[in-house]
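Atoms within a ligand are numbered from 1 in the order they appear, just like the ligands themselves. Note that the structure is predicted; figures quoted are calculated from it, not measured.
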Amino acid sequence: MTKALEGVRILDFTHVQSGPTCTQLLAWFGADVIKVEKTGEGDATRGQLRDIQDADSLYFTMLNHNKRSITLDTKKPSGKQVLETLIKQCDVMVENFAPGALDRMGFTWERIQELNPKMIVASVKGFGPGPYEDCKVYENVAQCTGGAASTTGFDDGPPMVTGAQIGDSGTGLHLALGIVTALYQREKTGRGQKVLAAMQDAVLNLCRVKLRDQQRLERTGVMEEYPQFTEGKSFGAAVPRAGNASGGGQPGWTLKCKGWQTDPNAYIYFIAQAPVWGSICKVIGREEWITDPDYATPRARLPRLMEIFATVEEWTKTKTKFEVMDILNEYDIPCGPILSMKEIAEEPSLRETGTIVEVDHPVRGKYLTVGNPIKLSDSATEVTRSPLLGEHTDEVLAQLGYSAEAIAALREERVI
Ligand code: CAO
């Protein structure tokens, strides 16, 4: 079967997480992704958070599937020449170096355009143009500057970052969309272009609803679905942290389930969706709430939400989260168990869909990874292991037109 991006060649100049997330997706859609790594060192993540001595870390392997790896010292003149050849023969260059690094290497946008006017140059940076444009940025910095941290956590605690890598992987996803869009436009214009995804912007995009709430707060001074309203607390000038409140029009909260005293994940997320209010009351044995004017309408329930959740919790605490899920689903009541990573790793349905995949690696052996979360009906994803450092250097250079002697000379010079 052909793949959606077959024929697209990517010069993958990315490292750590944000850029590699993007190029891994493109590889899964069929692009030929050539990862260019520092000679002798490679992507720093190969050696970070190692669980097996001398084997590429899971950090690296789980972000670099389906790619080829070449080593290249792009600061040496002959290394620059190889990079120039790559630029001429690739469709897209993806990079996430610190601001200015590519320019310092001698590969400005203008220079790249000279070499290949069709080249799309896609970058992740911490910030877009402005006061912080020269700053280096990692995941949690983006979560803090993009609005996620100030709106995550409980209002009596400090700002919190989330485990979901919305700064790195979230930005990589945004960049991938920018790249395929630029490839589509190039079909019509014949020209390349620059694609920029700033981590602050990507996080803010994912926090869109919180900017919505900021404006609601400024207009009305109150947000009735926030726990602060239910608890009678006053709102400040900025959107407060809302704990586990739903963030949407239907109120929700995390409720304890059987075993919560010893299992930190024995919880269910429960949504008091208005259309199924009658069913909720029946299931928890509070049928009088169906007609009681203090509870019968969403408006009447708002100031009583915490009391309602506490009552529902008395019921959920008598059952496991999976039992609660089964019962509530029978009545179409939206809910979801808090799944631990252990439970997710062992979930058969996620294996069946290719969302969790077991991969075999020649050095580290078998490991689990997250497969392609985006399923195309006409471009199936087959997850193949990440490359060893420089595994494809000779193969790629030969494809670029380098003779065996020329490759040997580059190796002698420690350029590759
Ligand atoms: N050959 C020779 N030199 C190379 C090379 C190669 N193949 N690949 C990279 N280099 C050089 C760069 O040119 C740069 O040199 P200069 O500092 O002299 O310009 C140097 O390696 C270091 O690159 P860097 O500054 O990008 O790396 P860092 O480890 O210091 O910083 C990071 C890492 C992530 C903070 C920074 O790259 C960054 O801010 N990137 C943009 C935002 C981003 O993607 N952050 C997400 C990271 S994932 O959590």
Could you list which atoms of ligand 1 come closer than 4.0 Å to a heavy atom of Ser18? 43 (C), 44 (O), 46 (C), 48 (S)

Check Arg216 with Asp213, please: is the shortest side-chain N to carboxylate O separation under 4.0 Å? yes

Examine the proximity of ligand 1 to Leu72 and report which part, side chain or backbone, both or neither, has a heavy atom under 4.0 Å away. backbone

If you take the nearest heavy atom of each of Asp168, Ile70, Val16, which one is closest to atom 46 (C) of ligand 1? Asp168

With a 3.5 Å cut-off and sequence neighbours excluded, list the donor-acceptor pairs that the side chains of residues 164-179 form with protein atoms.
unit_1	atom_1	unit_2	atom_2	d
Gln165	OE1	Gln17	NE2	3.2
Gln165	NE2	Gly163	O	3.0
Asp168	OD2	Gln17	NE2	3.3
Ser169	OG	Gln17	OE1	2.8
Ser169	OG	Thr21	OG1	3.3
Thr171	OG1	Gly167	O	2.3
His174	ND1	Gly170	O	2.7
His174	NE2	Asn205	ND2	2.8

Looking at ligand 1, does any of its N/O atoms fall within less than 3.5 Å of an N/O of Val137? yes

Would you say Glu95 and Ser123 are linked by a side-chain donor-acceptor pair, where the criterion is simply a distance under 3.5 Å? yes

Any salt bridge between Asp91 and Lys118, counting N to O under 4.0 Å? no

Decide, yes or no, whether a salt bridge links Glu391 with Arg385 under the criterion of side-chain N to carboxylate O below 4.0 Å. yes

With heavy atoms only and a cut-off of under 4.0 Å, state how Lys136 meets ligand 1: side chain, backbone, both or neither. both

May I ask you to check whether Asn96 has an N/O atom sitting below 3.5 Å from an N/O atom of ligand 1? yes

Pairing of Asp156 and Arg241 as salt bridge, 4.0 angstrom limit: no

Ligand 1 versus Asp73, non-hydrogen atoms closer than 4.0 Å: side chain, backbone, both, neither? both

Ion pair Lys67/Glu37, N-O distance below 4.0 Å: no

Nearest neighbour of atom 12 (C) of ligand 1 from the list Met105, Met199, Lys76, on a heavy-atom basis: Met105

Mark up the atoms of ligand 1 that fall under 4.0 Å of a heavy atom belonging to Val124, in ascending order. 41 (C), 44 (O)

